[in-house]
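Throughout, numbering of the chain's residues begins at 1 and tracks the sequence.
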Amino acid sequence: MSILKKALTTAAMASALLAGAAQAEDMRIAIVAKALGIGFFEAANKGAQEAAEELGDVEIIYTGPTDTTAEGQVEVINSLIAQRVDAIAVSANDTDALVPTLKKAMQRGITVISWDSGVAPEGRQMHLNPSSAPLIGNMIIKLAADNMPEGGQVAVLSATTTSTNQNVWIEEMNKVAGDYPDVEVVGTVYGDDLADKSYRETQGLLKTYPDLKAIIAPTSVGIVAAAQAVTDAGKIGEVNVTGLGLPSEMAGHVKSGASKSFAIWNPIDLGYSATMIAYHLAKGDASAEPGATIPMGRMGEVALDDNTEAAMADPFVYDASNVEEFADVF
């Protein structure tokens, strides 16, 4: 081999090693959704990518199971541990079932936070609520009551029976139900965040409670399925569907009258904020202790409570006056 060829080969090898080292320096943050293919989490991933671009040295691994099960998330998290990611930010399908696997991740030096739907404290370093649970609980029943001047029966269509955030929001809703004495909450059913099952559960509610006036679905999958079921049953104007949903998915149902109004925080902001928090904790320039504050880039900062939880922002109400404005955003 000539001296020139040797020099070129050495230079190429050095460049490859330097490129590999630079790539290895990027922090890898895994955003784990409840399941893939859900609009809310796809929007949250956009926010995560925005944060990564802003930070400059972050690679986002957006992942999740194919269905909303704890078993599926455990499998995904074990894969992330094997990949030795730097941080895992998970929206949990079960409060407790993920704890042993996430403990293993933390023991391996991986930063673990939960967001949207929380993990028990022993399985994460902190939890980011999209809003405060009491505000959400009051909001979802108020949205129903505001469009029921004479009161009536209300039913709830939730996600899974083990969904952390859904259960807390419904619990908070029931705490303030007495503030709306003309509203009767008659039951809760579970669609498992599957469109077809949520649709069938709504059909069941309409048959079981023929005098039903409203359905509250605090899940972006459920609210769309419920609105479609009400439409197909010819119940527009009789049954109002409300809860938490995405403008892009609900604009048509607001226009048709199947939904008078609904609420949601910006999932793009939520994914952005979760990424920023995971980054600063993994980097070590913030700590997850009661009373600590953690920066969230353009979203400001959050202060952790005694349970190392924080709330991002208040829910925002969408109706015919503004839903089209946001339908192209998320």
Side-chain angles (χ1 to χ4, degrees), residues 33-46 64 66-68 91 93 116-117 130-131 136 139-141 143-144 147 154-161 163 165-166 169-170 173 188-207 212-268 270-271 315-330:
K34 286 185 175 181
L36 297 177
I38 296 177
F40 179 89
F41 295 106
E42 300 293 332
N45 180 40
K46 290 181 181 178
T66 56
D67 53 14
T68 52
S91 177
N93 283 323
D116 178 51
S117 185
S131 183
I136 296 169
M139 175 64 76
I140 57 179
I141 194 167
L143 287 170
N147 289 285
V154 172
V156 178
L157 170 65
S158 186
T160 65
T161 56
S163 182
N165 54 352
Q166 303 281 310
W169 297 337
I170 294 168
M173 182 197 80
T188 299
V189 296
Y190 300 90
D192 293 346
D193 262 351
L194 299 172
D196 56 348
K197 185 176 181 184
S198 297
Y199 184 92
R200 293 194 303 272
E201 292 291 346
T202 303
Q203 289 179 313
L205 287 173
L206 296 174
K207 290 178 181 178
L212 198 64
K213 297 298 183 186
I215 296 173
I216 298 171
T219 152
S220 62
V221 175
I223 192 172
V224 175
Q228 190 61 54
V230 165
T231 300
D232 293 346
K235 294 277 191 177
I236 291 178
E238 297 177 41
V239 181
N240 175 42
V241 177
T242 189
L244 304 177
L246 301 179
S248 60
E249 297 175 347
M250 286 299 293
H253 293 299
V254 171
K255 186 177 181 179
S256 75
S259 176
K260 300 294 185 185
S261 60
F262 64 96
I264 198 69
W265 37 89
N266 189 325
I268 296 173
L270 188 56
F316 185 80
V317 176
Y318 300 87
D319 56 25
S321 71
N322 62 9
V323 68
E324 293 289 349
E325 178 185 346
F326 293 93
D328 293 332
V329 181
F330 65 93

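The distance from the CG atom of L270 to the OG atom of S131 is 10.5 Å, given to the nearest 0.5 Å. Here CD of E201 is found 10.5 Å from CG of D196. Values are rounded to the nearest 0.5 Å. Annotation: the span from D232 atom CG to Q203 atom CD amounts to 8.0 Å, rounded to 0.5 Å. Of the inter-residue distances, the one linking S220 atom OG with I264 atom CD1 reads 6.5 Å to the nearest 0.5 angstrom. Atom CD1 in I141 sits 14.5 Å away from atom CD1 in I136 (nearest 0.5 Å). The OG1 atom of T219 sits 8.5 Å away from atom CH2 of W169, with the distance rounded to the nearest 0.5 Å.
Remark: of the listed residues T231, I236, I223, I223 is the sole one forming a side chain to side chain contact (heavy atoms under 4.5 Å, CB included) with V241. When each of F330, F326, Y318 is tested with L246 by the rule side chain to side chain contact (heavy atoms under 4.5 Å, CB included), just one qualifies, namely F330.
Counting all heavy atoms, side chain and backbone alike, F262 lies closest to T242 at CA-OG1, 3.9 Å. Smallest separation of non-hydrogen atoms from L212 and A155: CD1-N, 3.7 Å. Heavy atoms only, all atoms of each residue included: Y190 and L157 are closest at C-CD1, 4.4 Å. Minimum interatomic distance between I216 and G243 (heavy atoms only, all atoms of both residues): CG2-CA, 4.4 Å. Minimum heavy-atom separation, G191 to K197: O-CB, 3.5 Å. Shown here for I215 and V230, the closest heavy-atom pair between the two residues is CD1-CG2, 4.3 Å.
Applying the salt bridge (Lys or Arg N to Asp or Glu O under 4.0 Å) test to K260 and every residue at least two apart in sequence or in another chain returns nothing.
Within the 4.5 Å cutoff, side-chain heavy atoms of M139 are placed close to those of V317.
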For this session: Kindly indicate, with the supporting measurements, whether the criterion side-chain hydrogen bond (donor to acceptor under 3.5 Å, both in side chains) is fulfilled by K34 and S163.
Result: CA-CA 10 Å; K34 286 185 175 181; S163 182; 3.0 Å; yes
For this session: Apply the test side chain to side chain contact (heavy atoms under 4.5 Å, CB included) to residues K213 and V154: give CA-CA distance (whole Å), side-chain angles for both, the deciding distance (0.1 Å), then the verdict.
Result: CA-CA 6 Å; K213 297 298 183 186; V154 172; 5.6 Å; no
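Under a cut-off of 6.0 angstrom, the local environment of CG in D328 is sparse, with at most 12 non-hydrogen atoms contributed by other residues, nucleotides or ligands.
Looking only at distances, no side-chain donor or acceptor of D192 sits under 3.5 Å from a matching main-chain atom of L194. Between the side chain of Q166 and the main chain of P218, a donor-acceptor pair closer than 3.5 Å is present. Between the side chain of N322 and the backbone N or O of D319, at least one donor-acceptor pair lies under 3.5 Å.
A side-chain donor-acceptor contact under 3.5 Å links D116 and S91.
By the 30° and 60° cut-offs, the orientation of the rings of F40 relative to W265 is perpendicular.
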